[in-house]
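Chain A is the first sequence line, chain B the second, and so forth, proteins listed ahead of strands; every chain is numbered from 1.
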There are 2 protein chains.
Amino acid sequence: MPARIEDVALKAGVSTKTVSRVFNREPNVSEKARTRVEAAARELSYRPNPSARSLAGNRSYLVALLFDNPHAGSSYVMELIVGVLQACENTHYNAMLRPLDLSADAVAAVEEFVAQFRPDALVLAPPIGDDLKILRRLDDLNIRYSAISARSAHARIGVGLDERRAAAEMVEHLAALGHRRIGHIAGRAGHGARAWRLAGYRDGLRKAGMAYDESLVVDGDFTFDSGIAAARQLLDLRDPPTAIFAANDDSACGAMHEAFERGFSIPRDLSICGFDDTPASAQVWPGLTTVHQPCREMGRIATEQVLLSIREPEAAQTVRISYEIKIRGSTGPIRANSTSMALRSTR
Amino acid sequence: MPARIEDVALKAGVSTKTVSRVFNREPNVSEKARTRVEAAARELSYRPNPSARSLAGNRSYLVALLFDNPHAGSSYVMELIVGVLQACENTHYNAMLRPLDLSADAVAAVEEFVAQFRPDALVLAPPIGDDLKILRRLDDLNIRYSAISARSAHARIGVGLDERRAAAEMVEHLAALGHRRIGHIAGRAGHGARAWRLAGYRDGLRKAGMAYDESLVVDGDFTFDSGIAAARQLLDLRDPPTAIFAANDDSACGAMHEAFERGFSIPRDLSICGFDDTPASAQVWPGLTTVHQPCREMGRIATEQVLLSIREPEAAQTVRISYEIKIRGSTGPIRANSTSMALRSTR
DNA sequence: ACGCCAATTGTCAGCGCTGTCAATTTCTGA
DNA sequence: TCAGAAATTGACAGCGCTGACAATTGGCGT
């Protein structure tokens, strides 16, 4: 049987309340008492019972990560999870996970979840933090949350990077390589990331002095397959792009796949770049030029902030984090003669 | 304030104990009582308080998934997690995650973790279930666990597939394509998967009537980079292999990468295959021939079994699950003339 | 030395539930 | 119909901790 607070109190010659104070880092404990308690606790290998603590303190010491039901290989969620776990280490808090089906009634699902497990705080992975209905309901229920989102419409606490600027920079990179027809594979409708990256694409075109051509923007949904379909559509255009900026790496990989299917050489015949810097993007050949997002760190910071907001509501904030453009082998200078078209016609 | 068990009891006109019985599916509750309690609970939106329940019942209702500290992109852990979460749905159990640093004192880490959070059961992701020291300590501490492992040396409960047979089949596939020099990139030392897949590789050679050539087996550690290094070593041999069976997909992708760097065409100049069927393996070009492991299902089953063992210790068992060889574009028939060598020499 | 205030420590009820065991009701067979 | 067994129900202590608040101690100025 593990030691209880009473055992420690007895051994240290203090009351249980003093032991409680030490373990909760409450003020007004003398140095002497603290030392004795710590020694006694160490000797008895005392660990506070989380259930008792939760029950008495009316808190769950739980942070839940809410994320979109992951299709195979959404490695960013895994990275977020690791970040959340890192943030919980050496706190009394514990992480819980909750996949959410956004196509169903997510608001009800969140409510049910919160009612059942009573987490003290939520961390909302993209695109959950972009969903106003959910945020508002959480506000109503008076539940603390932190959004991982480039620019949450609503969340006061969170973390994110300037996806719009990053996307613009990516397009400028392509422009600097001489590309004048740059396609975009857009993200899934409803995701903030779709809007920001698309807006950044347009910013980039503008900065490079190019006109926006609607036919060069094709809908996708962040999946590999949608990347294939979108690339197909773009490459079948009468005047196809010489470069494609996909809204994320998965769809960029799909686009690469389609290019290979057509016998293209990358980047000779087509430059492709993505967004996110998933592990796969460094491993495909050629390596995918993309925007690096420090997902693990984002998960950690989002959690740290929301935990901070429990202690000091005013101190917590939205943290803007920096990104990095990773230039790998999938983007290169445009060729003088448009071989890509020639190849296409031989198909 | 949420409803308490007392509120439900009052409304249903029974004692709190009866309500408790209904919610815990205990026997000896009359149909009438059950119906009334359920109605009252629904009306009050009653949810049992998990902390109170744990405290009084001396159980945590927690299942913890222990996994090796994930390097970037170990998507199988994510799949396992989803499976574990699936198994917890509609039970009173809740999943916890615990990354473990196997290079440090993992036994102590597990002990500390268990002492602090008191999970009712553990699910051990590979390669944790292969670690005898950990298993024995858990036995000593009398902690229920389930191992995800092809052939755990020790665990009575778990799930796994016959990796050895799968590996042998993979090699036979290569042999059927005409390959007579088949290299192997081995997994990380200490992982059961390394041993089983290597043994299967040898089985496959034997079945195909080929001799085992030590020089064709190179150490790896399941990472992309180790795949690059190992492929380098294999392709630099005086008489290099015409096919490489890598112990997992990440290292197979590394091998592909190295082959491309040398200007090889796959599978014309070199066949490559892996193990696991990570999402990336379907997305690289050409698609990677590999062994499909249903990770999500394995996580679910491992969890279901260990939860079952709480209710019925004798009913739980080790479940053997079936694999599937996925033949994609990265393996093909051997060419008559050994172009791969010619290409290599021009480098 | 004394009063006053702040810092420290302790007391104890009670968080919401379940285990134990006793009480009550219902069923069975003669 | 009734004893006895079986099924159902309830009373209540207590799980291990913290919140509220009361008691005690120590420091300081006069």
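Listed nucleotides: D/dG16, C/dT9, C/dT18. Nearest to the side chain of A/Leu55: D/dG16. The listed nucleotides are C/dT11, D/dC17, C/dG16; the one nearest the side chain of B/Arg4 is C/dG16. Here C/dT18 is the nucleotide among C/dT18, C/dT9, C/dC12 with the atom lying nearest to any side-chain atom of B/Arg53. Listed nucleotides: C/dT9, D/dC17, C/dT18. Nearest to the side chain of B/Thr16: C/dT18. Listed nucleotides: D/dT18, C/dG10, C/dG16. Nearest to the side chain of A/Val14: C/dG10.
An OP1 or OP2 oxygen of C/dC17 is reached within less than 4.0 angstrom by a side-chain nitrogen or oxygen of B/Tyr46. Distances shown here put every side-chain N or O of B/Ser15 at or beyond 4.0 Å from the OP1 or OP2 atom of D/dT9. At the phosphate of C/dT18, OP1 or OP2 sits under 4.0 Å from a side-chain N or O atom of B/Asn24. One finds a side-chain N or O of B/Ser30 lying less than 4.0 angstrom from the OP1 or OP2 phosphate oxygen of D/dT9.
Nucleic acid contact for B/Pro27: none, since no nucleic acid atom lies under 4.0 Å from a heavy atom of the residue. Within 4.0 Å of A/Phe23, counting heavy atoms only, lies no atom of the nucleic acid at all.
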Using a 4.0 Å heavy-atom cut-off to protein, can you give one letter per nucleotide of nucleotides 19-25 of chain D, 5' to 3': B if the base is in contact, S if only the sugar-phosphate is, - if neither? BB-----
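Between A/Glu163 and A/Arg151 there is no salt bridge, since no side-chain N of the basic residue sits under 4.0 Å from a carboxylate O of the acidic one. A salt bridge is absent between A/Asp139 and A/Arg136; no separation between the charged side-chain nitrogens and carboxylate oxygens falls under 4.0 Å.
Taking atom CG on B/Asn58 and atom P on C/dT18, their separation rounds to 13 Å, with Å as the unit. Distance A/Leu10 CG to D/dG16 P: 15 Å, rounded to the nearest Å. Atom CD1 of B/Ile5 is separated from atom C1' of C/dC17 by 6 Å (rounded to the nearest Å). Rounded to a whole Å, the CG atom of B/Asn28 is 16 Å from the C1' atom of C/dT18. Following rounding to the nearest Å, B/Arg34 (CZ) and D/dT8 (P) show an atom-to-atom distance of 10 Å. Separating the CD atom of A/Gln116 from the P atom of C/dC17 is a distance of 13 Å, rounded to the nearest angstrom. Computed from coordinates, the A/Glu6 CD to C/dT11 P distance equals 12 Å when rounded to whole Å. Put simply, NE2 on A/His92 is 12 Å from C1' on D/dC17, counting in whole angstrom units.
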Intermediate values then yes/no, side-chain contact (heavy atoms from CB on, under 4.5 Å), B/Leu132 and B/His154: CA-CA 7 Å; B/Leu132 265 193; B/His154 197 93; 3.5 Å; yes
For the pair B/Leu307 and B/Ile310, evaluate side-chain contact (heavy atoms from CB on, under 4.5 Å) and give the outcome as yes or no after the intermediate values. CA-CA 5 Å; B/Leu307 291 183; B/Ile310 295 177; 4.1 Å; yes
Assess the residue pair A/Met78 and B/Ile81 against the criterion (side-chain contact (heavy atoms from CB on, under 4.5 Å)); give the C-alpha distance rounded to whole Å, side-chain angles, the decisive distance to 0.1 Å, and a yes or no. CA-CA 9 Å; A/Met78 186 65 218; B/Ile81 291 173; 3.9 Å; yes
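Under the 4.5 Å side-chain criterion, counting only non-hydrogen atoms from C-beta, A/Pro126 is not in contact with A/His191.
A pairwise comparison of heavy atoms in A/Pro119 and A/Ser60 identifies CA-OG, 3.4 Å as the closest pair.
A/Asn58 CG: 12 or fewer foreign heavy atoms inside a 6.0 Å radius.
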